[in-house]
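Per chain, numbering begins at 1; letters A, B, ... match sequence-line order.
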Amino acid sequence: MASRLFTRRRDGRIEVRLSPDGRAFVGATAREVAAAEGDPNHAWGAALHAPIDPGRDADDPLAMLSRQSELTSNAELVLATLDEGALTDGEAWAWFCTLQVALRSIAVANGLLDDDAWNALSGPLVEHIQTIQALLFELSRVL
Amino acid sequence: MTARLASTERELDQSASVATQRPWNVVVWNDPVTPMAVVVVVFRRVFGYPEAKCTHLMLTVHHEGRAVVWSGGRERAESYCVKLQVAGLQSTVERDD
């Protein structure tokens, strides 16, 4: 049986069994989310700043601020816990959210908006996306 | 005539009241790259729904392209929408038809 990348321990913490390369991948992803959140011209902006209520000219500034703050906090928490052997539930949730935000941002930035576009994609971007999907799938088993 | 006018005014009042009470929907949209298991986990953690309801909503998103995952007041709808977006799902709010 293949070993799991994340396992829930008896004490409730989530053990991380990622290789150094795997941790570096997660770290680079979190750094990209943090950078994108602070850069209005970043390619991931369309996904990160998606409308909350498309029927309004502008969204509630407090809601937008809350989203920005939570996205950044999660990415920073990932970076702060990158080398930990085990994560709390909240830390693992921050990893999960940050990876999923990156996944969707990459999809939107590359026009992967339907199954046809995704199925037609080839090359290193597919591998990159599948790595994030695999990490998310593993995390979803313990959250 | 007066009675008829009063009746019309009552109807207008009731219709305005219904309009202001129309709930706001939180909608989640399908995308081709998000794993199904991820969507289920997000629904469970954000709303606290039972696993079966989360799976049902996820399948609705998958097959129909979107699902209304919560309805209620505008402020809470926007708050839930932000939580879903922070968890990486495509979500919007809209007035119930």
Item to check | Under 4.5 Å from any heavy atom of chain B - which part of A:D60 | outcome: side chain
Item to check | Residue pairs fulfilling ring-ring contact (aromatic ring centres under 6.0 Å, His included) with at least one residue in residues 90-119 of chain A, sequence neighbours excluded | outcome: A:W93-A:F96
Checklist entry - Is the CD atom of B:E75 crowded by more than 12 outside heavy atoms at less than 6.0 Å? => result no
Item to check | Selection from B:V41, B:V26, B:V40, B:V42 maximising heavy-atom pairs under 4.5 Å formed with chain A | outcome: B:V41
Checklist entry - Which residues from residues 80-93 of chain B are near chain A, with near meaning under 4.5 Å between non-hydrogen atoms? => result B:C81, B:V82, B:Q85, B:V86, B:A87, B:G88, B:L89, B:Q90, B:S91, B:T92, B:V93
Item to check | Residues of residues 36-46 of chain A near chain B, each having a heavy atom less than 4.5 Å away | outcome: none
Next on the checklist: Could you see if A:I132 belongs to whatever hydrophobic cluster contains A:V108? Use Ile, Leu, Val, Met, Phe, Trp, Tyr and a side-chain cutoff under 4.5 Å.
Outcome noted: no
Next on the checklist: Please tell me whether A:L18 and A:L136 are part of a single hydrophobic cluster in this structure, the criterion being side-chain heavy atoms less than 4.5 Å apart.
Outcome noted: yes
Item to check | Rounded distance [0.5 Å steps], CG in A:L143 versus CZ in B:R44 | outcome: 7.5 Å
Item to check | Close approach to chain A in residues 46-58 of chain B, criterion heavy atom under 4.5 Å | outcome: none
Item to check | Interface residue of largest heavy-atom contact number with chain B, from A:L99, A:L62, A:L113, under 4.5 Å | outcome: A:L113
Next on the checklist: Given heavy-atom pairs under 4.5 angstrom as the criterion, report whether the side chain, backbone, both or neither of A:R141 touches chain B.
Outcome noted: neither
Next on the checklist: Assigning hydrophobic clusters by single linkage (Ile, Leu, Val, Met, Phe, Trp, Tyr; side-chain heavy-atom cutoff under 4.5 Å), is A:V101 placed with B:M36?
Outcome noted: yes
Checklist entry - So if you build clusters from Ile, Leu, Val, Met, Phe, Trp, Tyr with side-chain heavy-atom gaps below 4.5 Å, do A:I14 and A:L77 land together? => result no
Checklist entry - Is the backbone N or O of B:V33 less than 3.5 Å from a side-chain atom of A:Q133, with the two atoms forming a donor-acceptor pair by type? => result yes
Next on the checklist: Can you tell me which portion of A:D53 sits under 4.5 Å from chain B's heavy atoms? Options are side chain, backbone, both or neither.
Outcome noted: both
Checklist entry - Linking I/L/V/M/F/W/Y whenever any side-chain heavy atoms sit under 4.5 Å apart, do B:L59 and B:V39 land together? => result yes
Checklist entry - Side chain, backbone, both or neither: which part of B:W24 has an atom under 4.5 Å from a heavy atom of chain A? => result side chain
Next on the checklist: Just so I know, are the side chains of B:P35 and A:L103 near enough to count as touching, which here means a heavy-atom distance under 4.5 Å?
Outcome noted: yes
Checklist entry - For B:V27, is it the side chain, the backbone, both or neither that has a heavy atom under 4.5 Å from a heavy atom of chain A? => result neither
